[in-house]
Peer 1: 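I am attaching a structure below and will ask some questions about it afterwards.
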Amino acid sequence: DIVAAGAGPGLAFIAYPAAMALLPVPQLWSILFFIMMIMLGLDSQYAMVEVVVTGLTDEFPHLREKKVWILTAMCIFGFLLGLPMTSPGGMFWFSMIDNYSAGLGFLIIALMLLISVFWLYGNFVTRKGRFIDNLCEMMGSITGGHGIMNKIFSGYYQIMWWLITPVMLLFIIIYSVINYSNPSLNYGYKAGTYVYESTGVVISLFLNFTPVVIVVGFMVYKIFKSGGLKASLLPTSKWEPNGLPFNRQQKYENEGYESD
């Protein structure tokens, strides 16, 4: 029964606690285990909250002086969103959000990001190699390093960006679409599977594809505002080095290296 319950959340909240109870001094191991779980949760929350707050303050710089209040509001908002998962039906909410909030939609966004930034802006719409040149302006090279290892990794990244990553993403997207299914949940504590009703199906679709709709919506808005697809992919007048241009030769001389 313990092994059967060990799929998904049951692994942390059923299987492992049951295993802790079989060890010598089970109270000690149980306390250490759940402290570890709390630390893992906090570690994830730092990244999630900071991404949202940093995005807001970068887009609206006047909000930076109110960052403490924004952080507080984000934490309270996240706490309220998590409350339904503590209800009697919380496992059903948890399973649906866990399986559908970062799935097919984000794979599509990743492919769109790669094509728009590297292929279109970085090569075809502006000039070939512009994205690589931008990286070199900021870091001195694609990897920020030097020597033979920099050349090896530069070739590796370019092969990944040009061919391997888009092909892999496209394959995973097609495979995910073919195998897409409506949300369901194995009970775990008893035999059988719960199949979500139409409301759950709609919410799962909303979770999965809302990010794509937002990205596509802003893309259409930018295309109309700029006067065409090509114009929307061109950099603005503000897209330039901030301060003195990067001098790679001078950097290596200061650090005692020789330039490639």
Side-chain angles (χ1 to χ4, degrees), residues 1-19 33-34 36-53 55-56 70-114 168-221:
D1 293 339
I2 293 174
V3 175
L11 182 66
F13 298 107
I14 299 177
Y16 279 162
F33 174 75
F34 282 103
M36 179 194 72
M37 293 295 294
I38 293 173
M39 294 297 104
L40 288 173
L42 288 175
D43 180 67
S44 299
Q45 288 303 309
Y46 288 144
M48 294 177 185
V49 172
E50 194 63 30
V51 164
V52 177
V53 173
L56 287 173
I70 297 174
L71 280 169
T72 302
M74 283 300 305
C75 291
I76 294 174
F77 182 67
F79 170 76
L80 294 176
L81 286 179
L83 283 180
M85 298 187 196
T86 65
S87 66
M91 183 57 68
F92 299 96
W93 282 105
F94 176 85
S95 177
M96 183 168 56
I97 293 174
D98 184 45
N99 292 325
Y100 289 89
S101 63
L104 181 59
F106 280 90
L107 291 173
I108 296 173
I109 290 176
L111 182 61
M112 294 170 64
L113 181 64
L114 176 62
M168 291 179 64
L169 284 172
L170 186 60
F171 172 80
I172 296 172
I173 290 170
I174 294 174
Y175 179 83
S176 299
V177 170
I178 294 174
N179 292 277
Y180 188 87
S181 61
N182 292 330
S184 61
L185 173 67
N186 293 324
Y187 289 110
Y189 62 90
K190 66 178 182 179
T193 300
Y194 174 79
V195 178
Y196 287 69
E197 298 180 359
S198 56
T199 304
V201 174
V202 171
I203 295 175
S204 67
L205 291 172
F206 180 81
L207 289 171
N208 224 336
F209 295 104
T210 296
V212 179
V213 173
I214 293 173
V215 170
V216 173
F218 273 98
M219 179 185 73
V220 173
Y221 167 76

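If you're wondering where the values come from, they're calculated on a predicted model, not measured in any experiment. Numbering starts at 1 and runs along the sequence shown.
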Peer 1: Out of curiosity, Ile109 CD1 to Leu169 CG, how far, rounded to the nearest 0.5 Å?
Peer 2: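 Going from CD1 on Ile109 over to CG on Leu169, the span is 12.0 Å.
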Peer 1: Can any side-chain N or O of Ser87 pair as donor or acceptor with the backbone N or O of Leu83 at less than 3.5 Å?
Peer 2: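 No; zero donor-acceptor contacts below 3.5 Å.
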Peer 1: When rounded to the nearest 0.5 angstrom, what distance separates CG in Asp43 from CE in Met48?
Peer 2: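 That separation rounds to 9.5 Å.
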Peer 1: Atom CG in Leu56, atom CD1 in Ile70: separation rounded to 0.5 Å?
Peer 2: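 So the gap between those two atoms works out to 6.0 Å.
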Peer 1: Enter the distance from Asn179:CG to Ile174:CD1 here, rounded to the nearest 0.5 Å.
Peer 2: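 Rounded to the nearest 0.5 Å, the CG-CD1 separation comes to 12.0 Å.
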Peer 1: Are the side chains of Pro17 and Phe34 in contact, using a 4.5 Å heavy-atom criterion?
Peer 2: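 Counting from C-beta outward, Phe34 and Pro17 do come under 4.5 Å.
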Peer 1: Would you give the length of the straight line joining atom OG of Ser204 to atom CZ of Phe209, rounded to the nearest 0.5 angstrom?
Peer 2: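 Here the rounded value is 8.5 Å.
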Peer 1: Can you name the nearest heavy-atom pair linking Val212 to Gly105, along with the distance?
Peer 2: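 The pair with the smallest heavy-atom distance is CG2-O, 3.3 Å.
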Peer 1: According to side-chain hydrogen bond (donor to acceptor under 3.5 Å, both in side chains), who are the partners of Ser95, at least two apart in sequence or on a separate chain?
Peer 2: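 Partners of Ser95 under the side-chain hydrogen bond (donor to acceptor under 3.5 Å, both in side chains) test: Asn99.
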Peer 1: Report yes if some heavy atom in the side chain of Asn182 is under 4.5 Å from a heavy atom in the side chain of Val195; otherwise report no.
Peer 2: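 A side-chain contact is absent here, since even the closest heavy-atom pair is not under 4.5 Å.
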Peer 1: side-chain hydrogen bond (donor to acceptor under 3.5 Å, both in side chains) with Asn208: which residues, sequence neighbours excluded?
Peer 2: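 side-chain hydrogen bond (donor to acceptor under 3.5 Å, both in side chains) check on Asn208 returns nothing, list empty.
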Peer 1: In this structure, are over 12 heavy atoms from other groups packed under 6.0 Å from Phe33 atom CZ?
Peer 2: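 Counting neighbours around CZ of Phe33, more than 12 heavy atoms of other residues, nucleotides or ligands fall under 6.0 Å, so yes.
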Peer 1: Quick one: does any side-chain atom of Asp98 pair with a main-chain N or O of Phe94 as donor and acceptor, under 3.5 Å?
Peer 2: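 Checking the backbone N and O of Phe94 against the side chain of Asp98, no donor-acceptor pair under 3.5 Å is found.
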Peer 1: Are there over 12 heavy-atom neighbours, none belonging to Tyr175, within less than 6.0 Å of that residue's OH?
Peer 2: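 For Tyr175, atom OH is not crowded (no more than 12 foreign heavy atoms under 6.0 Å).
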Peer 1: CZ/Phe171 to CG/Leu107 distance, rounded to the nearest 0.5 angstrom?
Peer 2: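 If I round to the nearest 0.5 Å, the distance is 12.0 Å.
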Peer 1: Does the gap between the ring centers of Tyr194 and Tyr196 come in under 6.0 Å?
Peer 2: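 Tyr194 vs Tyr196: aromatic centres under 6.0 Å.
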Peer 1: Show the nearest heavy-atom pair for residues Ile97 and Met85, with the distance to one decimal.
Peer 2: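 Heavy atoms only, the tightest pair is CD1-CE, 3.3 Å.
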